[in-house]
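On a predicted model such as this, the values are computed, not experimentally measured, just so you know.
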Amino acid sequence: MSQVPKQVTCPTCGGPSLYAPTNRYRPFCSERCKQMDLGAWASEQFKVPEQASDRQPGFEEH
């Protein structure tokens with residue numbers, strides 16, 4: 001029983017990308033898209049939002 005390779009959307013360009021072991025760049029469609037994503041992370045274009053703290057600045061619990 002062979003599995004049909006899954007096709008997904010490339011997170012960088014939005015084009016089709018084969019999600020299978022034969023695509024060494026998966027989930028990206030190409031090395032270019034993979035490198036663009038890495039560059040975006042390196043330049044801090046992607047950030048996890050910081051949750052606001054309910055503590056007062058300078059106050060530490062002991």
Side-chain angles (χ1 to χ4, degrees):
M1 186 162 129
S2 68
Q3 292 181 333
V4 176
K6 184 176 182 179
Q7 188 149 340
V8 297
T9 301
C10 176
T12 302
C13 71
S17 177
L18 187 63
Y19 195 81
T22 56
N23 177 5
R24 65 187 217 182
Y25 307 112
R26 70 178 182 260
F28 305 97
C29 64
S30 65
E31 181 178 16
R32 178 181 174 270
C33 283
K34 185 176 182 178
Q35 293 299 325
M36 287 177 62
D37 185 77
L38 177 61
W41 278 104
S43 64
E44 297 184 358
Q45 291 178 8
F46 299 130
K47 296 180 182 180
V48 177
E50 182 179 350
Q51 292 182 350
S53 175
D54 59 349
R55 297 184 196 178
Q56 295 177 1
F59 180 78
E60 293 184 22
E61 297 175 326
H62 292 282

For the [atom1] atom of [X] and the [atom2] atom of [Y], what is their distance to the nearest 0.5 Å?
X: Asn23; Y: Leu18; atom1: CG; atom2: CG; value: 6.0 Å
X: Leu38; Y: Glu31; atom1: CG; atom2: CD; value: 11.0 Å
X: Gln45; Y: Ser43; atom1: CD; atom2: OG; value: 3.5 Å
X: Tyr25; Y: Arg32; atom1: OH; atom2: CZ; value: 13.5 Å

Considering all heavy atoms, the nearest Pro11-Phe28 contact: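 Residues Pro11 and Phe28, closest heavy atoms: CG-CE2, 3.6 Å.
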I need the minimum non-hydrogen distance between Lys34 and Arg24, along with the two atoms involved.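 Distance-wise, the nearest heavy atoms are NZ-O, 4.2 Å.
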For Gln7, does the CD atom sit with more than 12 other heavy atoms under 6.0 Å from it, leaving out its own atoms?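 Check passes, neighbour count above 12.
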Cys10 and its side-chain contact (heavy atoms from CB on, under 4.5 Å) partner, picked from Pro27, Cys29, Pro16: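 Of all the options given, the one that passes is Cys29.
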Are any of the side-chain heavy atoms of Pro21 and Arg26 separated by less than 4.5 Å?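 Sidechains of Arg26 and Pro21: in contact.
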